2 protein chains.
Amino acid sequence: MGKNILLEHGSGGIISLNLIKEMFIKYFDNPVLNKQTDSALLSTESDLISFTTDSYVVDPLFFPGGNIGKLAVCGTVNDLAVSGAIPKFISVSFILEEGFSFEELELIVSSIADEAKKSEVMIVTGDTKVVNRGKCDKLFINTSGIGILNKKYKHISTCDNIIPGDKIIINGTIGDHGMAVMAARDFAGFKTDIKTDCASLNFLIRDVLDANCNVKFIRDATRGGIATILCELTEKMNIGIEIEESAVPVREAVRGMCELLGFDPFYVANEGKVIMITSAEDAERVVEVMRQNEYGADCSVIGEITGNHIGKTILRTTIGGRRIIEMLSGEQLPRIC
Amino acid sequence: MGKNILLEHGSGGIISLNLIKEMFIKYFDNPVLNKQTDSALLSTESDLISFTTDSYVVDPLFFPGGNIGKLAVCGTVNDLAVSGAIPKFISVSFILEEGFSFEELELIVSSIADEAKKSEVMIVTGDTKVVNRGKCDKLFINTSGIGILNKKYKHISTCDNIIPGDKIIINGTIGDHGMAVMAARDFAGFKTDIKTDCASLNFLIRDVLDANCNVKFIRDATRGGIATILCELTEKMNIGIEIEESAVPVREAVRGMCELLGFDPFYVANEGKVIMITSAEDAERVVEVMRQNEYGADCSVIGEITGNHIGKTILRTTIGGRRIIEMLSGEQLPRIC
């Protein structure tokens, strides 16, 4: 292997196989992947599964607190976990630009391996394509994932049981990921110590579900931020939502950077944040359980479901006003994930 | 929606949702996808599944007989089918270049829908990212797939039962896909009527397995051609292989184009060809069954497993010579799939 990716690394021939052996098998090492079959044979121990896919094109590839590899695992783990499933199997597919550095690829691959280990998912199958120089931007990753779903959590992704009075909870501060990536772009020469919140939340979610709290809906607040989830929910479920602005945790540094750059943290991407909707009675218990987990330490009840202003998300602002949170209409931050 | 892809189509906001509704939901329309949850909830009716992923970066996007969309479905369907599984569920993830034409996207999406329908797989989940102009080459697709595996076919992708005397069968002509894509690149101004062989082979494979033929191994001969599969097999399984060159079907136009351009059809990518290894007794029956299927009409027994020259694939040439088929060492045709 040379120090840079060659077109030959995508040929399917000897040089491809060497890359697989010396990079992917080395880091992802597990009995399923090591068989190197076209398809991975998996025993799911259930006939009810969750299946999800996401491509990652974040720019730059490395940012404070993470990189595209960690992001690709966390994103797919979280998409499975918010459906109530236990994430089990992940595929990883790379599109590499000819000339991409082996050293950076190895850092990314090792982050993928670390995060997969941490979140207890197995990387069971993969693919590598190489395109000519200038035909993609360094490296893109697709991760798809399979989780095992317990029948009693089937309602969590369909959110059919939501009623007025239900509480809306977030597990921590918003906007960190988006602003960390912006800072890494050296946007306007901004210096900050903001880090991405990128994290696998499957164990946090599992803790809450295992505590038998009445959780009616979970969704991770990625592209489009928490505003997008809340607007989608009100539209889809024929309900109203009220959010108390002062209850929504935002780091001072994130708030400052957002103000300076003209962003609204409600629309900024997160990669380690979930919105949960729970019954009014169980909200405090969910908060208690979340606080025990490192990814829920700053959790907060941020609002509730209402039977009024159906189809709208209303923000009660810190200065006592009320305004409607609208769906994101343009694009704030391209290539944030 | 405008006539070209905007960065806003990847925002997660209103414009993204419109693209999903007016393009993906419109064409892929099915009860699972239409729920638009982060993860698709799937009932597999089995606890043994196959899982595969592939990214597609073929250049150009459209070529005689197909396009990247059809290719992305067939490739993943075939990867599942060669493991002995029944392909069931597919994810489709797009990376789009800002400015890409809606018209071309719609052609590709409609091809995906058509091929999914034809091969009886359901597109259950997806993702769309948009990158700035110049940061990818028009459009890349990732498809991942899940198939249901009957326990009695578990051995097919591990190929443990192969013994000397077993026959090697191919379902038709080789090299068509690679040369069709080369022709579409207008390489050396070459004019030809070669078409891609791109096809979903799940029903062909099912026919053979349902006939209770003793099939020991199946693999689709994509990147790297049939030579790559045969070399991988000999290396991995500690066997020898002998191939009768005159028995390997190659269209005259493909042979001619290969000669002119300096390619060896054994290394050229196919997208509708499988190699099967069967017991000597059952080989003729496999051929009979294959011939009944439109994708097996030109099938042929091309060689056999030997206990000699372990680790090597020997070609008995049409002029009576013998030469070793080596693993592809460079890259013949970048971005062929």
Side-chain angles (χ1 to χ4, degrees), chain A residues 7-8 10-14 35 37-55 57 79-80 82-83 85 89 91 93 95 124-127 129-132 135-137 140 142 144 146-147 149 154 157-158 219-220 222-224 228 327-331 334-335, chain B residues 7-8 10-14 35 37-55 57 79-80 82-83 85 89 91 93 95 124-127 129-132 135-137 140 142 144 146-147 149 154 157-158 219-220 222-224 228 327-331 334-335:
Chain A
L7 284 172
E8 286 78 359
S11 66
I14 292 180
K35 286 204 176 104
T37 48
D38 267 2
S39 289
L41 304 194
L42 307 173
S43 200
T44 57
E45 289 160 29
S46 165
D47 60 359
L48 190 62
I49 61 173
S50 269
F51 180 34
T52 191
T53 191
D54 265 303
S55 289
V57 298
D79 276 349
L80 295 170
V82 298
S83 75
F89 307 111
S91 67
S93 175
I95 298 174
V124 292
T125 189
D127 181 46
K129 295 290 188 308
V130 181
V131 298
N132 314 64
K135 296 301 182 183
C136 84
D137 192 9
F140 300 144
N142 177 282
S144 299
I146 295 174
L149 188 61
K154 268 183 87 167
S157 56
T158 56
R219 179 67 66 90
D220 50 334
T222 56
R223 261 191 303 189
T228 299
M327 196 77 172
L328 183 66
S329 60
E331 168 62 300
R335 298 184 64 189
Chain B
L7 284 172
E8 286 78 358
S11 66
I14 291 180
K35 287 204 176 104
T37 48
D38 266 4
S39 289
L41 305 194
L42 306 172
S43 200
T44 58
E45 288 160 30
S46 165
D47 61 359
L48 191 61
I49 61 174
S50 269
F51 180 33
T52 190
T53 191
D54 265 304
S55 290
V57 298
D79 276 350
L80 294 170
V82 298
S83 75
F89 307 111
S91 66
S93 175
I95 299 174
V124 292
T125 189
D127 181 47
K129 294 292 189 307
V130 181
V131 298
N132 314 64
K135 297 300 182 183
C136 84
D137 193 8
F140 301 144
N142 177 281
S144 299
I146 295 174
L149 188 62
K154 268 184 85 167
S157 55
T158 55
R219 179 68 65 91
D220 50 334
T222 57
R223 261 189 304 188
T228 300
M327 196 78 172
L328 183 66
S329 61
E331 168 63 300
R335 298 185 63 189

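Here the structure is a predicted model, which means the values were calculated and not measured. Naming convention: chains lettered A, B, ... in sequence-line order (proteins, then strands); numbering from 1 in each chain.
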Select, from [options], the one with the greatest count of heavy-atom pairs under 4.5 Å involving chain B.
| options | value |
| --- | --- |
| Lys154(A), Lys135(A), Glu8(A), Lys35(A) | Lys135(A) |
| Thr44(A), Val124(A), Leu149(A), Asn132(A) | Thr44(A) |
| Gly224(A), Ser93(A), Ala85(A) | Ser93(A) |
| Gly147(A), Gly330(A), Pro334(A) | Gly330(A) |

Part of Val131(B) within contact of chain A (heavy atom distance under 4.5 Å): both
Nearest heavy-atom neighbours spanning [X] and [Y]:
| X | Y | result |
| --- | --- | --- |
| Ser157(A) | Thr37(B) | O-CG2, 3.2 Å |
| Asp47(B) | Glu45(A) | CB-N, 3.7 Å |
| Thr125(B) | Thr52(A) | CG2-CA, 4.0 Å |
| Asp127(A) | Ser55(B) | OD2-N, 2.8 Å |

Would you call the rings of Phe51(A) and Phe51(B) parallel, tilted or perpendicular, taking 30° and 60° as the class edges? perpendicular
Under the side-chain contact (heavy atoms from CB on, under 4.5 Å) criterion, do Phe140(B) and Asn142(A) qualify, and how do the steps go? CA-CA 11 Å; Phe140(B) 301 144; Asn142(A) 177 282; over 6 Å; no
Of all of [options], which one pairs up most often with chain A through heavy atoms under 4.5 Å apart?
| options | answer |
| --- | --- |
| Leu41(B), Thr228(B), Asp220(B) | Leu41(B) |
| Ala40(B), Cys136(B), Ser43(B), Gly12(B) | Ala40(B) |
| Ile146(B), Thr222(B), Val130(B) | Ile146(B) |
| Ser83(B), Ser91(B), Ser329(B) | Ser91(B) |

Assess the residue pair Leu42(A) and Leu48(B) against the criterion (side-chain contact (heavy atoms from CB on, under 4.5 Å)); give the C-alpha distance rounded to whole Å, side-chain angles, the decisive distance to 0.1 Å, and a yes or no. CA-CA 6 Å; Leu42(A) 307 173; Leu48(B) 191 61; over 6 Å; no
Drop me the distance from Asp38(A)'s CG to Asp54(B)'s CG, to the nearest 0.5 angstrom. 7.5 Å
Is there a side-chain contact (heavy atoms from CB on, under 4.5 Å) between Lys129(B) and Arg335(A) once you walk through the steps? CA-CA 8 Å; Lys129(B) 294 292 189 307; Arg335(A) 298 184 64 189; over 6 Å; no
Distance-only polar pair, side chains of Ser50(B) and Ser39(A), donor-acceptor under 3.5 Å: no
side-chain contact (heavy atoms from CB on, under 4.5 Å), that's the test. Do Val57(A) and Ile95(B) meet it? Break it down for me. CA-CA 8 Å; Val57(A) 298; Ile95(B) 299 174; 3.9 Å; yes
